[in-house]
Amino acid sequence: MIPVNEPLLDGNEKRYLLECIDTGWISSEGPFVERFEAEMAARVGRKHGVAVTNGSAALEAAVVALGLGPGDEVILPTFTIISCAAAVVRASATPVLVDCDPVTWNMDVAQAADRITPRTKAIMVVHIYGLPADMDPLLALAERHGLKIIEDAAEMHGQAYRGRPCGSFGDLSVFSFYPNKHVTTGEGGMILTDDAALAERCRSLRNLCFQPGRRFVHEELGWNLRMSNLQAAVGVAQLERLDESVARKRRMGRRYTELLAGVPGLQLPLASTEYAENIYWVYGVVLGDAVPFDAEEAMRRLRPAGVGTRPFFWPMHEQPVFRKMGLFLDEHYPVAERIAHRGFYLPSGLALTDSQIEQVSRAVREQLV
Ligand SMILES: Cc1ncc(COP(=O)(O)O)c(C=O)c1O
């Protein structure tokens, strides 16, 4: 089976891990954590980085750090991972959804503008699958209405919007370092910001809100979201290779597109938009309306050919867990609904070889036409 995602760990990962073992520094107190934070921050042009246990936790801490809570509305795309809406709901704020663009799959900026009310406090911008959301109009909207921006750059290591690094926008940005990302730490995440006070608040939330001076007396509740030195050691090694990884993913994406161009009814990812070149975090495809089966059936057909796949995100407004909470009832977002049913992605990991890409593409042609 060609796995849908396999990481590449052939740089300095082993060397740095051995350094942790040899020195005994394995907890979050070890030196790789601060080094990873500083190097990630430098890479995206931010002043501060706060390493945490995963991207979902980063989003939760970011929402709380910005003081979002009951009565506050946060606009976000319906087409995203549950972590985004969950962070808003867990803070007792109100998620307000928008549909996505049928070609880039990123949030619809015009709809975001339409959904602003006097209670709107923030926009959670999420970059999806390889192309960034259209940041400039979103930043202008936030500026005009005095809104905070959380930039979810979980999938965007090494990507830029009009030449500005993803992860550099808004009040706070977050990354994930899950093994399918261009930089992995096994499990891991980071919050980045230019605001020293916000960074300090995130550090406190990450560390159970221990107080300086009165460590075990707590004014508020945080979490233990600390990243270990072992994880950060892997992250530092991965970051050294980021440019190479992005170039490799771009080559893989272009190769898939060459091999799959012309497959009837198959929408392929855009190579670029006016503001960014695709980094193909994953190589997503969408079945056209004329194709007489859906993504589930397509993935079922590809399995015996040894091709691992993943479905697209399932929209937030169709999540049973939110419906049970009375959220998003009677809301419809036709683009997200369509791509959720008709979209899936092909093996996209950094360890994928050229011959595997050829094998996958052959299987797609044989099984889906
Ligand atoms: C857009 C987006 N946000 C957040 C996350 C959550 O990150 P993690 O899996 O590290 O919790 C992911 C995970 O892939 C993601 O794709």
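Start at 1 with the first residue, then count along the sequence. Ligands are counted one by one from 1 in listed order, and the atoms in each one are counted from 1 as well. All figures in this text were calculated on a predicted structure; none of them were measured in a lab.
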Pairs under 3.5 Å, nitrogen or oxygen of ligand 1 with protein nitrogen or oxygen:
unit_1   : atom_1 : unit_2 : atom_2 : d
ligand 1 : 3 (N)  : Asp152 : OD1    : 3.3
ligand 1 : 3 (N)  : Asp152 : OD2    : 2.6
ligand 1 : 7 (O)  : Ser176 : OG     : 3.4
ligand 1 : 10 (O) : Gly55  : N      : 2.7
ligand 1 : 10 (O) : Ser176 : OG     : 2.7
ligand 1 : 11 (O) : Gly55  : N      : 3.3
ligand 1 : 11 (O) : Ser56  : N      : 2.8
ligand 1 : 11 (O) : Ser56  : OG     : 2.5
ligand 1 : 14 (O) : Lys181 : NZ     : 2.7
ligand 1 : 16 (O) : Glu155 : OE2    : 2.6

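- Residue Phe32 belongs to a hydrophobic cluster whose other members are Tyr16, Phe36, Met40, Val44, Met156, Phe175, Phe177, Val183, Met190, Leu192, Met227, Val236, Leu239, Leu242, Val246, Ile279, with links defined by side-chain heavy atoms closer than 4.5 Å.
- Contact annotation: the side chain of Glu297 never approaches that of Val291 to less than 4.5 Å [non-hydrogen atoms, C-beta and beyond].
- Counted by atom type alone, His317 and Thr78 present one or more donor-acceptor pairs between their side chains at under 3.5 Å.
- The cationic atom of Arg162 (NZ for Lys, CZ for Arg) does not lie both less than 6.0 Å from the six-membered ring centre of Tyr275 and within 45° of the ring axis.
- A donor atom on one side chain and an acceptor atom on the other are not found under 3.5 Å apart for Tyr161 and Ser168.
- Of all the heavy atoms in Met252 and Ile357, the pair that sits closest is CG-CD1, 3.7 Å.
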